[in-house]
Amino acid sequence: MSKKHMKLTAALAGFSLAFCVSTTVSAMHIMEGYLPPQYCIAWGVLCLPFLVTGFLSIRKKLEENRRNITLLAMAGAFIFVISSLKIPSVTGSCSHMTGTGLGAILFGPSAVSILGIIVLIFQAILLAHGGLTTLGANTFSMAIAGPLLSYGVYRLCKKLSVNRWVSVFLAAFIGDLFTYCVTSVQLALAYPSEAGGVWASVGKFLGVFAPTQLPLAVLEGILTVLIMMALEAYAKPELKMIGFHREVK
Amino acid sequence: MKKGRITVAALVIAALLIALIPLFALRGAEFGGSDDAGSVMVEEITGGYEPWFTPVLETILHGELPGEVESLFFCIQTGIGVGIIAFVMGRFVERKKWMPKE
């Protein structure tokens, strides 16, 4: 890491600290004020290196070719749409998907952290959905951990030469589920059960989120495959431009 | 191309079924948000939890955002996303017609 990057990171850390102290963190979607301040700060700080890397990687992609912005906008818009749709699930409660899988497959996990945090800020301010205080924790689960795993799964599938559509599906599906696993762990760390400690709490929160999220994760997988099909049919030049050409025949 | 269309149609139908079946299968269910369910669980574990921060908007409004307005904001979010996707996809689709066939 160069000196300039270090300085940038430090400045951002300071900024986010101040930010976290004055407000609270909201996760995908830990509600506003539901995470003790020290956790808000910790998760927020943990996000920073990813956000900085993401910012730099997006800037690099755009410097390579301005026209990459179309696909980047698509990936961001996909997150916007998908995470605004509240879908009824088998457990009798509603939840929504993350939509981060597409961006992770196209641009890599770090770029998605920026796209994701935009959506989270929008929802935290206008919708009281998630929250500013829980922003760090929510960013970590939805915009960092989920996409990271999505990306990993996609790469692994490619190595094992799994059918490309199956890989896209699995990447989005697992990334979505993992997001909620991380949220459960985040909540559990802050609220360990009296009997059984953190792990008992993880189980409890997973019990709330997982059954609801499972069908939605399947849905997210399907939607991601659909949009990838559309992109491959009509946007081959753009896919080649962002270095996706090896997959596109 | 024909096979591709069938796949797409099948996927769209599957997506619709996943989203709609619970609504009809579980008639009378409340379909509250799972985020709220998470908060309920926090209260259960800690035995009564007071959030230490209220959303900025609620502080300004001195109360919760009305449900209808909340759905408006959600629609705006969807609209922004769909607008961008539709615009870009529309351009791609039109452009393909003018590109030399490979």
Side-chain angles (χ1 to χ4, degrees), chain A residues 23-24 29-34 36-37 70 73-74 76-82 84-90 92-95 119 122-133 183 187 191 193 201 204-205 208-209 212-213 215-216 218-219 222-223 225-227 229-230 233-235 238, chain B residues 4 7-8 11-12 14-15 18-23 25-26 28-42 44-47 49-58 64-65 70 73-85 87-89 91-93 95-96 99 102:
Chain A
T23 57
T24 340
H29 286 87
I30 299 171
M31 305 261 285
E32 188 84 282
Y34 267 88
T70 48
M74 283 287 266
F78 189 67
I79 302 178
F80 247 76
V81 177
I82 293 288
S84 73
L85 299 174
K86 295 187 179 180
I87 314 279
S89 180
V90 286
S93 64
C94 282
S95 184
V119 179
F122 182 95
Q123 293 192 329
I125 293 177
L126 285 181
L127 294 164
H129 193 71
L132 288 174
T133 51
T183 304
L187 280 169
Y191 303 107
S193 298
S201 272
K204 280 187 192 171
F205 285 114
V208 173
F209 291 128
T212 311
Q213 200 60 27
L216 298 195
V218 175
L219 190 55
I222 292 176
L223 292 176
V225 169
L226 279 174
I227 193 143
M229 282 179 161
Y234 294 108
E238 278 75 13
Chain B
T7 321
V8 169
L11 287 176
V12 170
I18 292 175
L20 292 179
I21 282 180
L23 190 60
L26 304 168
E30 222 173 89
F31 289 114
S34 76
D35 298 355
D36 296 338
S39 316
V40 171
M41 188 55 83
V42 169
E44 205 173 282
I45 289 174
T46 54
Y49 182 83
E50 274 300 310
W52 60 278
F53 191 87
T54 39
V56 181
L57 199 62
E58 283 180 19
E64 280 199 19
L65 189 63
E70 189 181 345
F73 285 149
F74 265 110
C75 284
I76 293 175
Q77 192 190 333
T78 321
I80 295 172
V82 170
I84 295 173
I85 291 180
F87 177 75
V88 176
M89 271 322 285
R91 285 178 56 124
F92 285 161
V93 171
R95 182 189 62 182
K96 204 186 176 189
M99 280 201 308
E102 286 156 46

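Looking at heavy atoms from C-beta onward, A:Val119 lies in side-chain contact with B:Gln77 at the 4.5 angstrom threshold.
In this structure, B:Lys96 and A:Ala233 approach most closely via the heavy-atom pair NZ-O, 3.1 Å. Nearest heavy-atom pair, B:Ala19 versus A:Pro88, reported as atom, atom and distance to 0.1 Å: O-CG, 3.3 Å. Listed here is the closest heavy atom pair of B:Phe73 and A:Phe122: O-CE2, 4.2 Å.
Proximity of a side-chain donor or acceptor of B:Arg95 to a complementary backbone N or O of A:Tyr234 within less than 3.5 Å is detected.
Ranked by heavy-atom pairs under 4.5 Å with chain B, the first of A:Ala77, A:Ser84, A:Ala73 is A:Ser84. Chosen from B:Ile85, B:Ile18, B:Leu20, the residue pairing most often with chain A at heavy-atom distances under 4.5 Å is B:Ile85. The candidate with the highest count of non-hydrogen atom pairs below 4.5 Å against chain B, out of A:Val90, A:Ile87, A:Thr70, A:Val218, is A:Val90.
Of the two parts of A:Ile125, only the backbone, made up of N, CA, C and O, holds a non-hydrogen atom closer than 4.5 Å to a non-hydrogen atom of chain B. The contact between A:Ser193 and chain B is made by backbone and side chain atoms together, counting heavy-atom distances below 4.5 Å. The parts of A:Tyr191 that come within reach of chain B are both its backbone and its side chain, each placing non-hydrogen atoms under 4.5 angstrom from that chain. With a 4.5 Å cut-off on non-hydrogen atoms, B:Ala15 touches chain A through its backbone and its side chain both. With a 4.5 Å cut-off on non-hydrogen atoms, A:Ile82 does not touch chain B at all.
In this structure, CD1 in B:Ile76 is found 7.5 Å from CG in A:Leu126, a value given to the nearest 0.5 Å. To the nearest 0.5 Å, the span separating CE on A:Met74 from CD1 on B:Ile84 amounts to 10.0 Å. One distance of note links CG of A:Leu226 with CG of B:Leu11; it measures 5.0 Å at 0.5 Å rounding.
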Query raised in the report: Please walk me through it: do B:Thr7 and A:Met229 pass side-chain contact (heavy atoms from CB on, under 4.5 Å)?
Result: CA-CA 10 Å; B:Thr7 321; A:Met229 282 179 161; 4.0 Å; yes

